[in-house]
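As the structure is a computational prediction, the values presented were derived from the model and not from experiment.
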Amino acid sequence: MKKILMLLLSISLFLHAAQKSKTDEIDHLALAALLLKDGHLGRANEEFKAVNTEDKNLDFVRYYTIGALIATKQERYEEANRLFSHAISAGQEDKSVYLYMAQNSFKLEKYEDVLASLKAAGESANEPSAYALKAEAEFRLGRSSEALSTLSHAIKRFAGEYGFYKQRFGYLISLELYQSALEDASFYLNNAQTDEKTSIAFVNAFAKAKQTKKAIELGEKLKLQYPSNATIIVQLAHLYITNEMIQAAADLFDQASNYDEKYTQEAAEMLRRAKEFVLALYKNSQMLDTSEKLKQRIAIYLE
């Protein structure tokens with residue numbers, strides 16, 4: 001999506017214009033471009049506003065394009081797209097401006113405009129981020145079949161872009177296509193560079209959808225992948241509790257407490273519920289909070 005910046009990098013063509021000319025006039029447009037490139041948005045906008053639009057020699061393609069980029073960076077998306085449109089009318093031939101327009105339209109929640117801009121971008125839209133944006137716009141318009149088709153096409157075209165599987169997973173969960181969602185989640189976790197936090201989010205998505213069995217299936221895979229991660233172990237334990245598998249949950253809490261002592265109290269409680277009283281007392285003895293420790297020990301003795 002950064003292709004349009006090549007227009008700014010061609011600034012060398014008129015860097016000399018940033019100096020004072022023989023008539024002591026400053027090229028405000030060149031300065032605006034330089035300031036934009038260096039991230040000085042406020043000053044860049046001031047220089048842009050100072051441009052003499054009555055100048056017959058003004059390059060209106062650059063003028064509107066630079067103005068549109070400044071407006072985009074300043075999150076003035078409506079104005080930015082208006083300026084991009086003026087740039088196109090003035091003769092801007094770089095199709096990558098449409099990618100900026102698509103992104104701006106998405107932030108304005110104008111999803112039909114997103115699709116129109118991506119279509120107008122032509123070959124410039126043949127990149128992963130454009131496909132992801134197109135699918136998201138289609139899905140938000142309620143065109144789930146088109147969104148899934150777009151992602152399927154993207155997966156075939158960009159084999160190493162595993163993010164498409166993650167994006168499609170979210171759609172499949174929303175559409176209650178859980179088996180397909182599980183396949184995408186498994187493929188993503190087996191192939192993409194991911195972390196525990198992302199992995200847990202996949203399991204939570206199934207749990208939220210009340211697909212406990214599939215959440216457990218995925219959770220078991222994660223436990224094998226991250227055997228010493230207490231958060232993943234506890235997440236799986238809670239899923240077992242939902243399925244009324246108390247003994248399995250107790251064993252998992254016991255394991256988790258060995259990696260993170262903050263789960264010691266819960267481990268003792270689950271062992272009590274599983275009627276593993278000797279182990280419950282042993283785990284209780286490892287607690288540091290004396291008041292909670294005493295209350296829990298009494299509960300174990302009473303049972």
Side-chain angles (χ1 to χ4, degrees), residues 1 98-99 101-121 125-226 231-232 234-245:
M1 291 294 196
Y98 288 107
L99 299 181
M101 294 179 74
Q103 289 178 326
N104 291 343
S105 294
F106 185 83
K107 288 165 183 173
L108 292 167
E109 299 183 4
K110 295 183 176 181
Y111 304 121
E112 290 287 6
D113 291 347
V114 172
L115 299 178
S117 293
L118 289 174
K119 184 177 181 180
N126 284 330
E127 56 180 66
S129 56
Y131 277 88
L133 185 62
K134 182 175 184 288
E136 186 64 19
E138 289 169 337
F139 194 79
R140 294 197 182 195
L141 286 168
R143 303 171 190 169
S144 54
S145 295
E146 292 177 30
L148 293 175
S149 177
T150 295
L151 290 179
S152 293
H153 183 64
I155 285 169
K156 292 177 182 177
R157 186 177 180 86
F158 306 101
E161 294 290 335
Y162 300 117
F164 289 127
Y165 290 92
K166 184 179 179 182
Q167 185 175 359
R168 188 169 66 178
F169 168 83
Y171 300 164
L172 293 170
I173 286 288
S174 297
L175 296 169
E176 299 182 0
L177 299 172
Y178 300 119
Q179 185 56 43
S180 295
L182 180 60
E183 291 170 5
D184 273 3
S186 297
F187 187 87
Y188 179 83
L189 294 172
N190 288 335
N191 292 278
Q193 290 288 335
T194 186
D195 55 21
E196 291 95 328
K197 185 177 180 180
T198 302
S199 302
I200 289 169
F202 279 99
V203 179
N204 283 338
F206 279 116
K208 189 176 180 180
K210 300 188 185 304
Q211 294 295 304
T212 309
K213 289 184 178 180
K214 286 184 170 54
I216 288 174
E217 184 178 342
L218 190 58
E220 288 286 4
K221 290 180 181 179
L222 292 181
K223 184 175 176 294
L224 291 174
Q225 189 174 352
Y226 304 104
T231 304
I232 289 175
V234 167
Q235 180 190 43
L236 182 59
H238 281 298
L239 291 170
Y240 278 131
I241 292 172
T242 302
N243 250 25
E244 299 183 358
M245 300 167 69

Check Leu118 against Ala125 and note the closest heavy-atom contact, atom names and distance.
-> O-CB, 3.7 Å
Do you see a donor-acceptor pair shorter than 3.5 Å between the side chains of Gln225 and Ser199?
-> no
CG of Leu172 to OH of Tyr178: how many Å apart, nearest 0.5 Å?
-> 11.0 Å
Sequence neighbours excluded, which residues qualify as ring pair (Phe, Tyr, Trp, His ring centres under 6.0 Å) partners of Tyr165?
-> Phe187
Member of Arg140, Arg143, Lys134 meeting the side chain to side chain donor-acceptor pair (under 3.5 Å) criterion with Tyr111 | Arg140
Output for pair (Leu99 CG, Glu127 CD), nearest 0.5 Å, gives 5.5 Å
Approximate separation, where rounding is to 0.5 Å, of Glu136 CD and Leu141 CG | 10.0 Å
For Ser186 and Leu182, indicate whether the former's side chain and the latter's backbone hold a donor-acceptor pair under 3.5 Å.
-> yes
Nearest heavy-atom approach of Ser174 to Phe139 is CB-CZ, 4.0 Å
Euclidean distance, Thr212 OG1 relative to Ile216 CD1, rounded to 0.5 Å = 6.5 Å
Are the ring centres of Phe169 and Phe202 closer than 6.0 Å?
-> yes
Which pair of heavy atoms, one from Phe164 and one from Pro128, lies closest together, and at what distance?
-> CZ-O, 3.5 Å
Between Val114 and Ala102, the two heavy atoms sitting closest are CG2-O, 3.4 Å
Sidechain-backbone polar pair: Gln167 side chain, Ala132 backbone, donor-acceptor under 3.5 Å = yes
OH (Tyr226) and CG (Leu189) are apart, to the nearest 0.5 Å, by 7.0 Å
